[in-house]
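Only one structure is covered here, and it is reproduced in the block below.
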Amino acid sequence: MPELPDVEMLKRSFDATSLHRPIAEVDVRSDAIVERGSAGELAGGLRGRSFEATRRHGKRLFAGLDEGGALALHFGMTGSLRSFESTDDEPRHTRLLLRFERGSHLALVMPRKLGKVGLVDDVDAFLEEQRLGPDALSEAFDDAVFDAALAGRRGSVKAALMNQRLMAGIGNVYSDEILFQAGLHPRTEVPALDADSRRRLFDTLRWVLCTAVDHGADPAELEGSFLLAHRSEGASCPRCDGAIRRIEVSGRGVYYCPACQT
DNA sequence: CCTATAGCCTGACGGC
DNA sequence: TGCCGTCAGGCTATAG
């Protein structure tokens with residue numbers, strides 16, 4: 001699930017359920033997903049604290065703590081958050097469980113343990129250390145920055161869009177969506193784009209991400225003109241009704257419409 | 001700098 | 001029903 005629009009939704013639900021409540025109990029169920037310190041240190045650093053505000057950067061979510069520092073969340077391929085009241089409602093595959101005072105719980109649910117959680121002192125320093133590019137929906141990421149990110153690249157446009165060091169937030173699904181909306185074939189190479197098409201690609205990228213966020217990153221809500229809900233071999237193209245195809249590009253499954261994307 | 005590949009993990013799904 | 005292969009919305013390390 002978790003690319004930029006999805007993580008934005010997770011941020012909103014975090015904000016709605018889990019701010020300004022002292023954390024009474026921390027249960028780390030999987031040591032494997034803890035980074036920068038041990039499970040014990042993570043639990044110790046959270047217990048008694050409360051979250052004051054969250055910040056999203058690309059696919060990452062940071063929950064700032066009342067006495068400084070932040071909990072950094074990375075959702076991997078299958079991570080999400082669930083808030084619930086009764087212990088009986090704890091979801092399957094809970095890897096980190098927080099119990100707040102006054103009863104409510106927050107679970108980091110992650111069937112495949114490909115994500116990470118950890119404590120960071122300073123979010124900006126962490127982003128720099130990880131060498132993450134600008135968030136793809138931030139003000140700082142304008143068409144000039146996009147152009148600069150692509151300058152001198154030899155590989156595919158898709159790989160560039162998904163490169164978190166160039167721009168943060170786009171993964172396999174949304175890169176497919178952007179290419180579909182831009183009418184570009186998934187194997188299009190960066191040097192094949194002139195200034196005009198780069199500009200159009202940038203506008204498309206912003207439009208796709210904004211629209212996805214506005215519609216709750218929900219495939220059902222984006223049904224109309226989006227490829228998102230048609231990611232299977234032979235599905236019908238939402239634009240031309242032709243057959244969607246699946247090909248392999250650098251080890252990832254790519255869905256596209258051979259008629260619309262040339 | 002860039003690509004391709006394997007690996008990390010686990011579950012869902014389809015075919016036999 | 002059971003077993004097996006394939007696929008899955010991320011990312012890193014490695015080799016070329």
Side-chain angles (χ1 to χ4, degrees), chain A residues 1-11 28-36 56-61 72-81 91-96 108-118 126-127 129-133 135-136 148-181 186-192 205 208-209 211-213 215-222 226-235 244-256:
Chain A
M1 183 219 274
E3 297 182 38
L4 187 156
D6 312 293
V7 177
E8 182 60 28
M9 296 308 124
L10 296 175
K11 168 180 161 55
V28 181
R29 300 278 174 76
S30 165
D31 291 358
I33 65 163
V34 178
E35 65 177 352
R36 335 185 115 236
R56 184 189 57 70
H57 186 102
K59 302 172 186 175
R60 308 188 105 99
L61 183 62
L73 296 157
H74 181 233
F75 299 97
M77 281 174 94
T78 59
S80 70
L81 296 172
R92 243 184 121 190
H93 309 305
T94 293
R95 308 303 185 192
L96 173 68
L108 171 63
V109 179
M110 204 153 54
R112 296 167 72 183
K113 300 174 185 167
L114 297 175
K116 295 283 174 204
V117 272
F126 176 77
L127 295 175
E129 177 194 315
Q130 299 281 310
R131 298 204 282 148
L132 284 175
D135 178 82
L150 295 188
R153 292 234 129 209
R154 312 186 250 113
S156 68
V157 173
K158 182 174 170 70
L161 293 175
M162 290 199 299
N163 187 329
Q164 303 302 302
R165 292 184 169 162
L166 297 182
M167 62 201 86
I170 300 167
N172 198 37
V173 164
Y174 280 96
S175 60
D176 280 5
E177 189 67 55
I178 291 162
L179 292 170
F180 174 74
Q181 298 295 342
R187 294 198 209 273
T188 306
E189 303 272 307
V190 173
L205 177 165
V208 165
L209 296 177
T211 306
V213 167
H215 293 264
D218 179 355
E221 293 295 315
L222 292 162
F226 270 57
L227 179 65
L228 191 56
H230 305 258
R231 296 179 65 77
S232 62
E233 180 88 47
I244 297 300
R245 275 189 50 199
R246 178 184 189 277
I247 57 173
E248 194 103 354
V249 178
S250 58
R252 307 298 301 270
V254 174
Y255 294 93
Y256 78 110

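Source: prediction; values computed, not measured.
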[Y] backbone acceptor or donor facing [X] side chain under 3.5 Å:
X	Y	value
A:Lys113	A:Asp31	no
A:Arg165	A:Met167	no
A:Glu3	A:Tyr174	yes
A:Arg112	A:Gly76	no

Take the protein atom [atom1] of [X] and the nucleotide atom [atom2] of [N], then report the distance between them rounded to whole Å.
X	N	atom1	atom2	value
A:Leu161	C:dG9	CG	P	16 Å
A:Asn172	C:dC7	CG	P	13 Å
A:Tyr174	C:dG10	OH	P	11 Å
A:Arg60	C:dG10	CZ	P	13 Å
A:Gln164	C:dG10	CD	P	8 Å
A:Leu222	C:dG9	CG	P	16 Å
A:Leu132	C:dT12	CG	C1'	13 Å
A:Lys59	C:dG9	NZ	C1'	8 Å

Can you tell me, in whole Å, how much space there is between the [atom1] of [N] and that of [M]?
N	M	atom1	answer
C:dC11	B:dA12	C1'	22 Å
C:dT6	B:dT5	P	16 Å
B:dC9	C:dC3	P	25 Å

- Message: Under 4.0 Å, counting only non-hydrogen atoms across every strand here, what does A:Arg246 touch: a base, just sugar-phosphate, or nothing?
- Response: sugar-phosphate
- Query: Taking only N and O in the side chain of A:Tyr255, is any of them less than 4.0 Å away from OP1 or OP2 of C:dC7?
  - Reply: no
- Task: Please check the phosphate of C:dG10 (OP1 and OP2 only) for any side-chain N or O of A:His74 closer than 4.0 Å.
- Result: no
- Sort by first number and list every stem of DNA chain C: at least 3 consecutive Watson-Crick or G-U wobble pairs, both distances under 3.5 Å. B:2-8 with C:10-16, B:10-16 with C:2-8
- Query: Just by protein heavy atoms under 4.0 Å, how would nucleotides 1-12 of chain B read 5' to 3' in B, S and -?
  - Reply: BSSS---BBBSS
- Message: Do A:Arg231 and A:Val173 have side chains that approach each other closer than 4.5 Å (heavy atoms only, starting at C-beta)?
- Response: yes
- Query: A:Tyr256: what forms a ring-ring contact (aromatic ring centres under 6.0 Å, His included) with it, not counting sequence neighbours?
  - Reply: A:His185
- Is the shortest side-chain N to carboxylate O distance from A:Glu233 to A:Arg246 below 4.0 Å? no
- Look at atom CZ of A:Arg245 and say whether more than 12 heavy atoms of other residues, nucleotides or ligands are closer to it than 6.0 Å. no
- Item | Residues A:Asp176, A:Lys158; criterion salt bridge (Lys or Arg N to Asp or Glu O under 4.0 Å); working and verdict | CA-CA 8 Å; A:Asp176 280 5; A:Lys158 182 174 170 70; 2.7 Å; yes
